[in-house]
Amino acid sequence: MSYGRSKSDLNIKADQVALLAELFGVDLGSDDLEGLAAALSNQLPSIAVLEDFDLEDFPPILRMDAGWYD
Amino acid sequence: MTDSSDLINLSISEAAEALRTGATTSLALTQATLERIKRTEPTVRAYAAVPEEAALAQAEAADQEIAAGNARGPLHGIPIGIKDIIYTKGVATECGSKAMEGFLPDFDATVVRKLDEAGAVMIGKTMPHEFAYGVNEPPTRSPWELNSYPGGSSTGSGVAVTVRSAFGALGTDTGGSIRIPASINNIVGLKPTYGRVSAYGVIPLSWTLDHVGPMTRTVLDNALMLNAIAGHDPKDLTSARQKVPDYSAAIDEGVHGMRIGIDRGFVLYPGVIDDVRGAAEAVISELADMGAEIIEISLPEFELTPETLFTVMMAEASAYHRQRLREKGDLYDPATRATLKMGELIPATHYVTGLRARERYRSAMKALFRGQKLDALISPTMPLPAPLLTDLHQPRTDMDIGETPMVSIIHHTFSANLGGQPALSAPCGFTRDGLPIGYQLMGRPFDEATLFRIAYAYERTQDWHTRQAPHDFGAA
């Protein structure tokens, strides 16, 4: 599942995914690699949709209640 | 009132009245519901588990209390389904996943405890998409069209309520998982404000986007269920301390003078089919006829909501599942497993950018509501009716918009999760093929009462919500 509407021509290769997965400790079978490469090629450029909006004045939403409860 | 088909067709409020007057008993309601489950389950498979003996015991206890003059309220003695990602003490909670097979929680989720305190009968655990992610195909089938998408991830909750194998049910909603199955199944579903209903004891999909809420056949029933489950919970650090009103108290006060906004550019975009467009316009006309003011608005930030939600949700879901995926990855459905693995490869910088985009959206929504003095926003719940299961992930063939039906389905529901605002889906018609259409109202934080008022006013002008799925489950 992914939601990439960007028109980017990013073309992530299966061996790149394999390298990332190894670095991050994600166990991927060879059957998964092509599908994940395609899905990531679709998903990662979607950040461009967010960055098309000016986020300069917007800190990330991080809310924590520091109360101590039983 | 002894005929079981009469009993299962009662709304919660009607059943509560029948219990109050002695026209029926909780035991009769529960037996009729169990009978209905036996009749419908071979076809629709809405339930993961039905603890029959426990339900009958709860019903008998309810009858004794009511007979002794100790009725607890409108849910007392009413059979309710619980989505199977919500902890139920001593009753298997398997999240639609082999990775959770046989898991028996040793405590109730706060929402389950609250329903128990209200006297509800837990009739069963309803089938979810695996871990509520929405990417696998659960065994549940839609009674409206067996080959079509039954909605999700509160799949079984939506189907159980529409086939009358529960009077109401709990669902959870991270990007539309209450409202989408509500729309598809011709019922009412509410995603409350973030923090309004405790998520303690609910398996998370995405901590900052998850909500628990009621799914019912009528707007009033939905308000009654929210009355029972809303409120601060010290066990849930995200739980809000705002006072909980009686959501049914002012439900019939109408919409005269209310200001209801619509962003036609976004919610009636080219992906919306004509039947849905027409049904949504009819709701708007009806509300205007009743005295609401319809305000045309434009919120460019709507455009960033799908990508923002996916980025945040995927990162949080993969973080939650990281350890279990390594221990029991082979037990996950392949589609869920692949999506969780992909989430681990999303950079942290993207996640933080998603949280910034979320703040921009939230700020813009707040300014819009305040600037325009809006009471609610309106849209179709989904741009299209339930697609065929075989078409779900294929590019749409009815129009060239570069979307699959699955992506279209969630187009209108995401934003309420990002902003944490309450959003309600209710029936508003049928396509020419007989599939239900729903409309969505989104409101101010902690103002669910206004959404109930609007939806109740509209519901009284129509009979959409009384129509049942055409599937024949055999004679009663």
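A, B, ... follow the sequence lines: proteins, then strands. Residue 1 opens every chain.
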With sequence neighbours excluded, what pairs up with T311(B) under the side-chain hydrogen bond (donor to acceptor under 3.5 Å, both in side chains) test?
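Counting only residues at least two positions away or on another chain, T311(B) forms no side-chain hydrogen bond (donor to acceptor under 3.5 Å, both in side chains).
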Heavy-atom proximity to chain A below 4.5 Å, by part of [X]:
X       : value
S363(B) : side chain
A338(B) : backbone
R322(B) : side chain

Compute whether any side-chain donor of one residue and acceptor of the other, for [X] and [Y], lie under 3.5 angstrom apart.
X       : Y       : answer
S46(A)  : E307(B) : no
S153(B) : S177(B) : yes
T308(B) : R360(B) : no
E344(B) : S318(B) : no

Rounded distance [0.5 Å steps], CD1 in I12(A) versus CG in L40(A):
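Reported to 0.5 Å precision, the distance equals 5.0 Å.
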I'd like to verify something: which residue of R326(B), H393(B), R362(B) has the highest number of heavy-atom pairs under 4.5 Å with chain A?
R326(B)
Pick from R358(B), H350(B), E301(B), R337(B): which one has the most heavy-atom pairs with chain A under 4.5 Å?
H350(B)
In terms of the angle between their ring planes, are H411(B) and Y269(B) parallel, tilted or perpendicular, with boundaries placed at 30° and 60°?
parallel
For the residue pair F266(B) and F302(B), does the interplanar ring angle fall in the parallel (under 30°), tilted (30 to 60°) or perpendicular (over 60°) class?
parallel
For chain B, find its close neighbours in residues 51-59 of chain A: heavy-atom separation under 4.5 Å, sorted by number, or none.
E51(A), F53(A), D54(A), L55(A), E56(A), F58(A), P59(A)
